[in-house]
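Notes for the one structure printed next.
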2 protein chains.
Amino acid sequence: MDLRRLRYFVAVAEARSIGKAAERLRMAQPPLSVQIRKLEAEIGAPLFRRGTRGMDLTEAGQALLTRASEAMALAADGVEAARAVAAGKRGRLSVGYMFVLANAMLPRLIPELRRSVPGVDLEFAELSASTREARLLDRSVTVALCMPAINHPEIQVARIGSQPLMLAMPIRSPLARLAAVPMARLQGRPLIALPPPEQDPASSAVAALLRRHQVVMPVVSRVETVHSAMSLVLAGEGLAIVPACARLGAPRGIVFRPLRDAADSIDIAVCWRRDSQSALISRFLKCAEKAVARL
Amino acid sequence: MDLRRLRYFVAVAEARSIGKAAERLRMAQPPLSVQIRKLEAEIGAPLFRRGTRGMDLTEAGQALLTRASEAMALAADGVEAARAVAAGKRGRLSVGYMFVLANAMLPRLIPELRRSVPGVDLEFAELSASTREARLLDRSVTVALCMPAINHPEIQVARIGSQPLMLAMPIRSPLARLAAVPMARLQGRPLIALPPPEQDPASSAVAALLRRHQVVMPVVSRVETVHSAMSLVLAGEGLAIVPACARLGAPRGIVFRPLRDAADSIDIAVCWRRDSQSALISRFLKCAEKAVARL
DNA sequence: GCCAACCCATACGTTTTCGGTATGCCAATG
DNA sequence: CATTGGCATACCGAAAACGTATGGGTTGGC
C-alpha cells in the first residue's frame, strides 16, 4: 500500500472528479486516472462510480476514505512530531542536578525553561556526581548540572559559570570577624570534607587549594553533600570550604567568608552525551547561562 | 511522505539494525540504508543513532515510530474494510419492502440475512411502490422487494417467485362456500381496488385478469394498501383480488379463494440499481429466494 | 439532429526512482 | 594486526510514474 495512492484517492474523492483533483494536485489528468485504477485493482473492487459528470464514491470507497484520511493525517503528524522533537520543541528533558546548585539555579532555571521550551516535559532529579555520570551515559537523564564538569570521552561539557570557594564556619567562630580569611589561618583547623576526588571531583579543587598554600587541615568528617557539611559546621565539628552558592539555603548560624590571596573557583558546567538531542540541549544551555548569570 | 519508507523505518526500528531489517523485508541491505537516509533527509533530522552494534532510535525517531505504526495499521485496515464492503461482508443494506410481503417474507428473510451477512447493518423500510423506486434511484435503499417488479432502465430486476391472485371476501359471503370461485361469478360485484396502474403496477395485473375474462367489477373504493383493502372487505364494502400471501396477517373473518379458470399470478421480484454493490446484492438475492421458496 | 464541450480511459515515450551488486570505511575483537 | 560485523557509497539495470497525444462516450446547445 502506497501513501501517494491514498493521497490521490482522497483528492479525487473530495473533488468528485479526476480532472479537478489532478488540477489541485498539480499533475496531468491521465496519470491520476491510471493511479486510481491501480488502486482499485489492488483493492480488487471499484472505489468510484464513473458517471458522465464526474466520479462518485462507492460504498467500498467510502469505507476506505475515512481510514485513508486518518492514515495520511497520522503520517503527517508523525513527521511533524519528529521534526518538533528534533528541533527541541517537544519531547522530554530530564535534568540531573547537584544539591548545592538547587537553591541557586533552579528557581531561575525552571521558569526560563518553561518559557523557552513550552512543549517539552521537564523532569528534575537531584543526583550525586557518580550517578549523574552513569545516568547521562544510559540516557536516563538528558543533561546534568555539574560542579565541576564531568570528564568522560562520551560526555560533552559547557562551562556556564564559576563559583569562588568560600570558608563556611559557625557565626561565633573567631575567624568570622574577618572580612576575608587568610589561607594561613586555616592551618591545622578541622575540615569537614566531601568524598575524596575519585568519587566527587569537587573536593579535588579544595585539595589543590590547600596543597598550593601548603596548608594542612585534618579531615574530621567526610560527608556526602554540602548540606550535610553545613549541619556539621553548625554543630561546631569543623570548617568547610565550599562554593559560594552554598550560602543560599545554608542554615542560619553559618557565615561565609572569602579566602584572602586565593582566587580559586570551581566551574559550573552543563554536561550531556555527545550524541544527544542537540537542539534541545542548546536551548537548555541558553537557559542555564541566563540562570547562572546573576548568581 | 511515502508509506513504504515508513514501513522500512518501522522494520529497522524493530530490528534495531538495517541488515536484520533488510533480511526480514526480503531485500538487500544497501537500498534499505539509502531509504532510511532519505527519510531522515525528508524529516530533516536523524532518526537513528548509528552505533557500532546496530541502530538505535533517537527521540525524534521514537516520536515518529508510534505514529508511523498507527498510520500503517490504518491504511491496511482501510484496504481491508474496502475489500470487505466490496465483498458484501460489511456495510449497510437497506431493504425497501411492501406491506403485503412483510408478513410472508420478513420472518424468514431477516434471520437468513443475519446468518449470510453477519457484518452488515440491516435496515428495513415499508415503502409504497413509487417511493421504493425513488429511493432505489437516490440510493437511500439498496434493494426493494416488489410485486410486481419495477420497470426502469437504471433498475435491475430478479424474479424470485410469484403469487397467485386470490379473491378475498367476508366469511359470510355466499361465494365463500365455493372451493374455487369461477370468474363469471364476479360479474358486477363491488371491487376494492388498489391505486390505478400508473401509481401501483400491482393493480394492472387485476385489471388484465378482469379484462381477459370480460368481467366488469365496479370499483367502490380505492385504497393505498392491501391492509386497508382487507379492512373494507371485512366491513362488507366489497371484494378484493390480491396476491395469495395477503392471507398471512389478514384479519379473521376474511376468507381467500382461488379463482377457477384463472392461473393469473403476480411476480415477486428483487429490484436494485444496476451500479450498486453487486456482491452484497447477490447475497441478498440468495436469501430472498430461500425466504420465498416455502411461501 | 448534429456539433461542441466535458470527462474519463488508453497508448506511448521520457524521466525519475528504486533495488541489486560490488565495494569502502570504521570500530570492536581476538 | 588481521578479521569480523555493520553501515555507507557508487554504479547499473529495472520498474514505476509522469506528461503528451488521442480515443470514446455522454450531455447540452444551436
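Per chain, numbering begins at 1; letters A, B, ... match sequence-line order. Every heavy atom of this structure was used, including side-chain atoms; hydrogens, water molecules and symmetry mates were not.
In terms of position along DNA chain C, the nucleotide closest to Gly19(A) lies nearer the 5' end than the nucleotide closest to the other residue of the pair Gly19(A) and Ala28(B). Nearest-nucleotide positions on DNA chain D for Glu40(B) and Leu32(A) put Glu40(B) closer to the 5' end.
Here Phe48(B) lies out of heavy-atom contact (under 4.0 Å) with every strand. Arg5(A) comes within contact range of the sugar-phosphate backbone alone, with a heavy-atom separation under 4.0 Å but no base atom that close. Residue contacts for Gly51(B): at a heavy-atom cut-off of 4.0 Å it reaches no nucleic acid atom on any strand shown.
Salt-bridge formation is detected for the pair Arg5(A)/Glu42(A): a Lys NZ or Arg NE/NH1/NH2 atom is positioned less than 4.0 Å from an Asp or Glu carboxylate oxygen. Using a 4.0 Å cut-off between a side-chain N of Lys or Arg and a carboxylate O of Asp or Glu, Arg159(B) and Asp267(B) qualify as a salt bridge. Ion pairing between a basic and an acidic side chain is recognised when a charged N comes within 4.0 Å of a carboxylate O; Glu154(B) and Arg274(B) show no such pairing. Between Arg139(B) and Asp275(B) there is a salt bridge, since a side-chain N of the basic residue sits under 4.0 Å from a carboxylate O of the acidic one.
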Pair Phe284(B), Leu145(B) - check side-chain contact (heavy atoms from CB on, under 4.5 Å), show working.
CA-CA 11 Å; Phe284(B) 176 84; Leu145(B) 289 170; 4.2 Å; yes
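Here the options are Leu137(A), Leu127(A), Val143(A), the test is side chain to side chain contact (heavy atoms under 4.5 Å, CB included), and the partner is Arg132(A); only Leu127(A) passes.
A sub-4.0 Å separation between OP1 or OP2 of dA17(D) and a side-chain N or O of Lys38(A) is present. Between dG6(D) and Arg50(B), no contact under 4.0 Å exists linking OP1 or OP2 to a side-chain N or O. Taking only side-chain nitrogens and oxygens, Arg4(A) never comes nearer than 4.0 Å to OP1 or OP2 of dA16(D).
Residue Gln35(A) places no side-chain atom within donor-acceptor reach of the base of dA17(D), judged by atom type and a 3.5 Å distance cut-off alone.
Note: CZ (Arg16(B)) to P (dG6(D)) measures 13 Å, nearest angstrom. Rounded to whole Å, atom P of dA16(D) lies 18 Å from atom CZ of Arg37(A). To the nearest angstrom, P of dA16(D) lies 14 Å from CE of Met1(A). In this entry the distance linking CD of Gln29(B) with C1' of dT4(D) reads 15 Å, nearest Å. dG19(D) atom P lies 5 Å from atom CE of Met27(A), rounded to whole Å. Straight-line distance from the CZ atom of Arg49(B) to the P atom of dC7(D): 16 Å, rounded to whole Å.
The two residues Ala60(B) and Val85(A) have their closest heavy-atom pair at N-CG1, 3.4 Å. Between Gly78(A) and Arg67(B), the closest heavy-atom pair is CA-CB, 3.5 Å.
Here chain B contacts DNA chain C (any atom closer than 4.0 Å to a heavy atom, that is under 4.0 Å), and the contacts span dC18(C) to dA28(C) from 5' to 3'.
In this model, no donor atom of one side chain and acceptor atom of the other lie less than 3.5 Å apart for Arg49(A) and Thr58(A).
The side-chain heavy atoms of Leu39(A) and Met1(A), taken from C-beta on, include a pair separated by under 4.5 Å.
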Base contacts versus sugar-phosphate-only contacts with protein, heavy atoms under 4.0 Å: please encode nucleotides 25-30 of chain D as B, S and - from 5' to 3'.
-SSS--
